[in-house]
Amino acid sequence: MNRMTDKMLRWYARHARALPWRAPPGQRPDPYHVWLSEIMLQQTTVATVRKRFDDFVRRWPTLRALAEAPREEVLAAWAGLGYYARARNLHKCAREVTRTLNGQFPQTPRELKKLPGIGDYTAGAIAAIAFNHPAVAMDTNAERVIARLFAVTEPLPECKETLRRHAEELLPKDTPGDFAQALMDLGAIICTPRDPACALCPLMEDCKASKQGLAEDLPRKRRKPPKPRRTGRAFWIERADGRVLLRRRPEKGMLGAMVEIPSTDWDGAPPPFSGETPFRLEFERLRPHVRHTFTHFHLKLALHRLPEPLPIDRARLLPLPPGWFWHPLDKLDTVGLPTVMKKAANLLRGPR
DNA sequence: AACACGGGGTT
DNA sequence: AACCCAGTGTT
């Protein structure tokens, strides 16, 4: 076993974080738990996932239970976690594994990668952690730790292959799961993006970047372009019996397949207020806007609502397009609004 | 290789 | 405001 690997594993044995999806020492974790946690953890912090993982497992204790759940319920349970393609793929993957693989996840990265929502990293992580298959799991933690250990100064993403080769040199064939998680915990606790705790690092004397005073500068990354600003309008249409008009978004694109308050497109320039309001109804404008930042743009959402709830008999005359529905206001929290829509609803349902 | 795709936390 | 986070899928 490589000297650095040995130090890493010894450190991990003493400092591993206790996390809900990890098995007690000496036990094999449930592949369903490993898979679910890895999907949730894609671009999402441990603190956020901690709160949601238990909810999911309580509600759907097995892969089969998740596969048999209605898709809307899974999407609603995912609301607020972001990157909603993950939720669509999660449900699709659960059904594929249950139906065509007899409920058993494949054990190799090559086969795992064929499943929806499982890419290079997640395939390696599941194979290593759940099945002890000798694979590396290159996430940003692993990339950072390896880039520093070997002082890789070439920027990401060009150096990805170099980093992977270095990681594979260190990979212990007998305990790949511990290695993957040791790399992650080291990256999360010691080898942090900013102000790494090199003095506490078990690999300090092996780390080329630390010796050169380069640790905090690695890995190098290219700067991201600034986010453009967009605007839109949301329309709150309440009915006299305490329901509000919602709709499901298209399958693909932003917030795909999620529920929203009827809104205009989010362009740079919203249409005039008196223009295309739903059903040509007359709306009042709320003072506060909703500001929300997505991955690649800032959104400023103007909020509109009817002066009075719509009488039932008038509401019945509205020609509801496919995907639109009246939803009880007292059950708004169970419908699964994405965060931007939750912010809007919280303002719209309150007083002016 | 570049881009689309959320949200919350830190600095 | 910029950066970060247990990335994947599409083009």
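Quick caveat, the model's predicted, so the values are computed rather than measured. Proteins get letters first, then strands, A, B, ... in listed order; numbering begins at 1 in each.
- Here NE2 of A:His327 is found 12.5 Å from CZ of A:Arg239. Values are rounded to the nearest 0.5 Å.
- Residues A:Trp60 and A:Tyr32 place their aromatic rings such that the two centres sit no closer than 6.0 Å.
- Rounded to a whole Å, the CG atom of A:Leu36 is 17 Å from the P atom of C:dA6.
- Listed by residue number, A:Glu38, A:Leu41, A:Gln42, A:Gln43, A:Thr45, A:Val46 are the residues of residues 38-54 of chain A with a heavy-atom contact under 4.0 Å to DNA chain C.
- Looking at A:Arg17, its side chain comes within 3.5 Å of the base of C:dA6 through a donor and an acceptor atom.
- Partners of A:Asn102 according to the side chain to side chain contact (heavy atoms under 4.5 Å, CB included) rule, which considers only residues two or more places apart in sequence or in another chain, do not exist here.
- Rounded to an integer number of Å, the gap from A:Phe297 CZ to C:dA2 C1' is 18 Å.
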Donor-acceptor pairs under 3.5 Å, side chain of residues 154-180 of chain A to any protein atom, not counting sequence neighbours: which ones?
unit_1	atom_1	unit_2	atom_2	d
A:Glu158	OE2	A:Arg222	NE	3.1
A:Glu158	OE2	A:Arg222	NH2	2.4
A:Lys160	NZ	A:Glu143	OE2	2.8

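- Using a 4.0 Å heavy-atom distance criterion, A:Phe294 is classed as a sugar-phosphate-only contact.
- When heavy atoms are screened at a 4.0 angstrom cut-off, A:Ser37 is found touching no nucleic acid atom at all.
- For the P atoms, the distance from C:dA6 to B:dC5 is 23 Å, rounded to whole Å.
- Phosphate proximity of C:dC5 to A:Lys221: present, with a side-chain N or O under 4.0 Å from OP1 or OP2.
- Rounded to a whole Å, the NE2 atom of A:His296 is 18 Å from the C1' atom of C:dA1.
- Across all strands shown, A:Ile129 has no heavy atoms under 4.0 Å from either base or sugar-phosphate atoms.
- Between atom CZ of residue A:Arg305 and atom CG of residue A:Leu281 there is a gap of 15.0 Å, rounded to the nearest 0.5 Å.
- Residues satisfying the side-chain hydrogen bond (donor to acceptor under 3.5 Å, both in side chains) criterion with A:Glu216, sequence neighbours excluded, are absent altogether.
- C:dC3 and B:dC3: their P atoms are spaced 16 Å apart (whole Å).
- Comparing C:dG9 with B:dG8, their P atoms are spaced 24 Å from each other, to the whole Å.
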Which pairs of donor and acceptor atoms, one on a side chain in residues 242-259 of chain A, lie under 3.5 Å apart (sequence neighbours left out)?
unit_1	atom_1	unit_2	atom_2	d
A:Arg243	NH1	A:Trp326	O	3.3
A:Arg247	NE	A:Glu260	OE2	2.7
A:Arg247	NH2	A:Glu260	OE2	2.9
A:Arg247	NH2	A:Ser263	O	2.7
A:Arg248	NH1	A:Ala257	O	2.7
A:Arg249	NE	A:Met254	O	2.9
A:Arg249	NH1	A:Glu260	OE1	2.7
A:Arg249	NH2	A:Met254	O	3.0
A:Glu251	OE1	A:Arg71	NH2	2.6
A:Glu251	OE2	A:Arg71	NH1	3.3

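- A:Lys224 comes within 4.0 angstrom of nothing in the nucleic acid, heavy atoms only.
- Taking atom CG of A:Leu183 as the reference point, atom P of C:dC5 lies 13 Å away to the nearest angstrom.
- Judged as a side chain to side chain contact (heavy atoms under 4.5 Å, CB included), and not counting sequence neighbours, A:Lys224 has no contacts.
- Counting 5' to 3', DNA chain B first comes under 4.0 angstrom of a heavy atom of chain A and last does so at the ends given by B:dA4 to B:dT11.
- Using a distance-only test at 3.5 Å, with no hydrogens or angles considered, a donor-acceptor pair links the side chain of A:Arg144 to the main chain of A:Cys191.
- Look at CD on A:Glu143: it is 12 Å from C1' on C:dC5, rounded to the nearest Å.
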Look for any protein N or O under 3.5 Å of an N or O in nucleotides 9-11 of chain C and output each such pair with its distance, or none.
unit_1	atom_1	unit_2	atom_2	d
C:dG9	OP1	A:Gly117	N	2.4

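- Residue A:Arg22 is in base contact, counting any heavy-atom pair closer than 4.0 Å across all strands shown.
- If you take CZ of A:Arg164 and P of C:dA6, they are 18 Å apart, rounded to a whole angstrom.
- The stretch residues 184-202 of chain A touches DNA chain C through A:Met184, A:Pro193, each having a heavy atom under 4.0 angstrom from the strand.
- For the pair A:Pro157 and A:Tyr84, nearest-nucleotide mapping onto DNA chain B gives the more 5' position to A:Pro157.
- Nucleic acid contact for A:Gly80: sugar-phosphate only, since backbone atoms but no base atoms lie under 4.0 Å from a heavy atom of the residue.
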Return all side-chain donor-acceptor pairs below 3.5 angstrom for residues 10-26 of chain A, not counting sequence neighbours, or 'none' if the list is empty.
unit_1	atom_1	unit_2	atom_2	d
A:Arg10	NE	A:Asp6	OD2	3.0
A:Arg17	NE	A:Asp185	OD1	3.0
A:Arg17	NH2	A:Asp185	OD1	2.7
A:Arg22	NE	A:Gln181	OE1	2.9
A:Arg22	NH1	A:Arg17	O	2.8
A:Arg22	NH1	A:Asp185	OD2	3.0
A:Arg22	NH2	A:Asp185	OD1	2.9

Extract all donor-acceptor atom pairs below 3.5 Å that involve side chains of residues 328-349 of chain A and protein atoms in other chains or at least two apart in sequence.
unit_1	atom_1	unit_2	atom_2	d
A:Thr334	OG1	A:Lys331	O	2.9
A:Lys343	NZ	A:Arg291	O	3.1
A:Lys343	NZ	A:His292	ND1	2.9
A:Asn346	ND2	A:Lys342	O	3.4
A:Arg349	NH2	A:Leu329	O	3.1

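- The interatomic distance linking A:Leu81 (CG) with C:dA6 (P) rounds to 15 Å, in whole Å.
- For the residue pair A:Arg59 and A:Ala77, the shortest heavy atom distance occurs at NH1-CB, 4.1 Å.
- Nucleic acid contact class of A:Trp78 (heavy atoms, under 4.0 Å, all strands): none.
- Nucleotides B:dG7 and C:dT10 have their C1' atoms positioned 22 Å apart, rounded to a whole Å.
- Nearest heavy-atom pair, A:Phe56 versus A:Trp78, reported as atom, atom and distance to 0.1 Å: CZ-CE3, 3.7 Å.
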Let me check something: any side-chain donor-acceptor pairs from residues 115-123 of chain A under 3.5 Å, sequence neighbours excluded? List them with distances.
unit_1	atom_1	unit_2	atom_2	d
A:Asp120	OD1	A:Lys113	NZ	3.1
A:Tyr121	OH	A:Glu38	OE1	2.7
A:Thr122	OG1	A:Gln42	NE2	3.0

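- Classification of the A:Phe294-A:Trp266 ring pair by plane angle, with boundaries at 30° and 60°, yields parallel.
- More than 12 non-hydrogen atoms from other residues, nucleotides or ligands lie less than 6.0 angstrom from NZ of A:Lys7.
- Nucleic acid contact for A:Thr295: base, since at least one base atom lies under 4.0 Å from a heavy atom of the residue.
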